[in-house]
Amino acid sequence: MTRVIGWWKAVRERLGQAGRRGARTTDLVTLRAAAATRLREHRWPAPALAALARLRAGGGRAWFVGGTVRDVVLGRDGDTTLDVATDLEPAEVTRRFERVEPIGLRHGTVLILSDGVAIECTTLRRELGYTDARHPDGVEFTLDPIEDLGRRDLTVNALAWDPAAGELLDPHGGAQDLAQGVLRAVGDPVARFREDALRPLRVARLAAVLGMAPEPRTRAALAAVADRAPLIAWERVGAEFRRMLVAPSPSVGLELLREAGLLELWLPELAGAYGVLQNRHHAWDVYEHTLRTVDAAPAAKPRVRWAALLHDLGKPGTRELRRGDATFYGHELAGAAIADRVLERLRTPLDDRRAIVHLVREHMFGYSSEWTDAAVRRWLRRVGVDAVAELFDLRLADHRGNGLKPGFPHYLEELRARIERQLAEHDALDVRDLAIGGADVMRVRGIPPGPEVGATLERLLERVLDDPALNTRERLLAELGGGP
């Protein structure tokens, strides 16, 4: 099997770049100073600075922490919610602000809403074990910010910035790891990951999002949570995958999980596609083709990214050898059913789930120039006008992930032009677009409300799809056998 070539080799190189990017970096002191300069020059939101000043009033202390600091040092847009740590306890924080939501009082966290800025404010703390592999059994508040940073998962998240003092706290070398593109656990990686079994998934997500690579010990420890991963709530797993799928290259995180044996725990359907050979029309097995397709899908369209991840999961179960080559007849229908189960398991919002499953079901649409205009209209009716753009995006990503189909599929441009023409000239693609309604059917046919009314309207729509000129009140009533 010719797997580790081309793009796949590039993915593995990105996974193995820990330390290489830092070959030209200087000492830790210089790197910390450079990070502090970037933090000092950053234009922090005025309401956030005002909130920190209010926390400091009367001798309190407060810092921007975690991903908020990390993303500024990297020069990237981060989460809209800012992370702040303080030595004040939650009750005192609550007293100092007008709008506060108690989102995690048990663990010392409240959400401050101030002039359009959301701040997740957590009291400095130490944690008391993780029996359930999900949440600390308890916390004890502390006045020591260094102790608080020591409980964090990765060095690049164990950073705190005091904008008033212009002071960066970096007790674990996070600034150096940011400069080198390295993800490194704070302390013993096995112990850190077994505390919260979601952390390896978070490492995989950050590798994809930040374009960074876990250093060898951290990478080797990812598999240490295999026995504790089933304890993680599916809501948390789904949230991490959703964040991974908007990364520049989700394949990086997915491959880290597969190598650690964790993909088969959280996405066994995708893990089962590894090594499933396709046919002469494809360069890659189902798994690698899927990862290529995901990376090629537009990151700004999460539904398309999800559909790209799930679109061929029906292939392993439908694979048959015919005349020495593999076929996958009906894999889109089998894949839609699998996609629905996966998305339900990952607690995907229902509207997104339905839209993604629909894309998977329809992704094998065929088109030729021989289609009549009526065929174009029927296809639009089946897939839905609102889904066309995303379906085209999925088809283009699938094409790019094939490995044997260079260039742009020009039939998509022809179909797009025909669709635009049909939409400009005709507007009856749904029974709601007909010039008559159910009341007219009941009056003319003398029937009560019920399934027959809907079936009659569907038959009329079929006639209109063949001949759009029929969509007038007079002509449709005539079709029913009645007058205006």
Side-chain angles (χ1 to χ4, degrees), residues 297-298 301 303-304 307-308 311 329-333 335-336 339-340 351-399 408-445 447 450-484:
K301 295 187 175 183
R303 288 178 173 177
V304 179
H311 78 290
Y329 294 123
H331 78 270
E332 68 276 18
L333 301 179
D340 194 45
D351 286 348
D352 289 337
R353 176 177 147 198
R354 287 172 173 167
I356 295 163
V357 170
H358 180 63
L359 291 175
V360 173
R361 183 184 301 112
E362 298 293 342
H363 84 272
M364 286 296 293
F365 71 89
Y367 169 76
S368 78
S369 299
E370 297 176 357
W371 276 20
T372 64
D373 287 345
V376 173
R377 292 191 291 269
R378 281 195 166 82
W379 181 79
L380 277 172
R381 180 199 176 198
R382 188 182 82 235
V383 304
V385 173
D386 292 341
V388 169
E390 291 185 332
L391 195 58
F392 272 40
D393 286 326
L394 177 59
R395 171 58 65 87
L396 183 57
D398 196 6
H399 178 89
F408 183 85
H410 296 290
Y411 65 87
L412 285 182
E413 179 59 30
E414 180 181 331
L415 178 56
R416 181 199 62 78
R418 294 189 66 182
I419 288 171
E420 289 185 353
R421 185 169 64 252
Q422 291 303 315
L423 293 178
E425 295 176 356
H426 311 292
D427 60 0
L429 298 173
D430 187 276
V431 292
R432 293 170 295 184
D433 302 325
L434 293 174
I436 65 172
D440 298 302
V441 172
M442 290 185 287
R443 176 178 59 81
V444 173
R445 291 289 175 85
I447 57 176
E452 187 178 348
V453 175
T456 301
L457 290 172
E458 290 288 345
R459 287 194 294 272
L460 289 175
L461 179 60
E462 285 295 317
R463 296 275 291 118
V464 168
L465 290 172
D466 281 328
D467 182 5
L470 283 175
N471 194 29
T472 66
R473 182 171 180 80
E474 294 75 13
R475 295 191 66 176
L476 290 180
L477 289 175
E479 288 284 326
L480 286 174

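Since the structure is predicted, the reported quantities are computational estimates derived from the model, not experimental observations.
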Qualifying residues under salt bridge (Lys or Arg N to Asp or Glu O under 4.0 Å), relative to D352, sequence neighbours excluded: R303
F365 backbone acceptor or donor facing R395 side chain under 3.5 Å: yes
ring-ring contact (aromatic ring centres under 6.0 Å, His included) against H358, all qualifying residues, sequence neighbours excluded: none
Trace of the side-chain contact (heavy atoms from CB on, under 4.5 Å) decision for L423 with L429: CA-CA 9 Å; L423 293 178; L429 298 173; 3.7 Å; yes
pair M364-H331: side-chain heavy atoms closer than 4.5 Å: yes
Spacing of E390 atom CD and L359 atom CG [to the nearest 0.5 Å]: 5.5 Å
Y411: partners by ring-ring contact (aromatic ring centres under 6.0 Å, His included), with sequence neighbours left out: none
side-chain hydrogen bond (donor to acceptor under 3.5 Å, both in side chains) involving N471 - partner list, sequence neighbours excluded: none
Pairwise distance CZ(R354) to CG(D340) - rounded to 0.5 angstrom: 9.5 Å
Any D373 side-chain heavy atom under 4.5 Å of Q422 side chain: yes
Residues which pass ring-ring contact (aromatic ring centres under 6.0 Å, His included) with F408, listed by chain and number, not counting sequence neighbours: none
Partner set under side-chain contact (heavy atoms from CB on, under 4.5 Å) for A397, not counting sequence neighbours: T293, A296, A297
E462, CD: over 12 other non-hydrogen atoms inside 6.0 angstrom: yes
Student check: side-chain heavy atoms of W379 and Y367 closer than 4.5 Å: no
Salt bridge (Lys or Arg N to Asp or Glu O under 4.0 Å) partners for R445, two or more places apart: none
Any residue meeting salt bridge (Lys or Arg N to Asp or Glu O under 4.0 Å) with E420, in chain and number order, not counting sequence neighbours: R416
Heavy-atom closest contact (A336 atom, V360 atom, distance): N-CG1, 3.6 Å
Short N-O contact, R378 and D466, less than 4.0 angstrom: yes
Any F392 side-chain heavy atom under 4.5 Å of V304 side chain: no
Qualifying residue for side chain to side chain contact (heavy atoms under 4.5 Å, CB included) with L461, from V431, L470, T456, L476: V431
side-chain hydrogen bond (donor to acceptor under 3.5 Å, both in side chains) against R361, all qualifying residues, sequence neighbours excluded: none
Set of residues satisfying side-chain hydrogen bond (donor to acceptor under 3.5 Å, both in side chains) with respect to R475, sequence neighbours excluded: none
Heavy-atom pair of closest approach, residues P409 and L396: CD-CD1, 3.6 Å
Residue D467 excluded, over 12 heavy atoms near CG under 6.0 Å: yes
Salt bridge (Lys or Arg N to Asp or Glu O under 4.0 Å) partners for E362, two or more places apart: R382
Set of side-chain hydrogen bond (donor to acceptor under 3.5 Å, both in side chains) partners for S368, sequence neighbours left out: none
Distance, nearest 0.5 Å, that separates CZ of R463 from CG of L434: 12.0 Å
Min side-chain heavy-atom separation V444-I436 under 4.5 Å: no
4.5 Å side-chain heavy-atom contact, V464 and L460: no
Any side-chain heavy-atom pair of D440 and R473 under 4.5 Å: yes
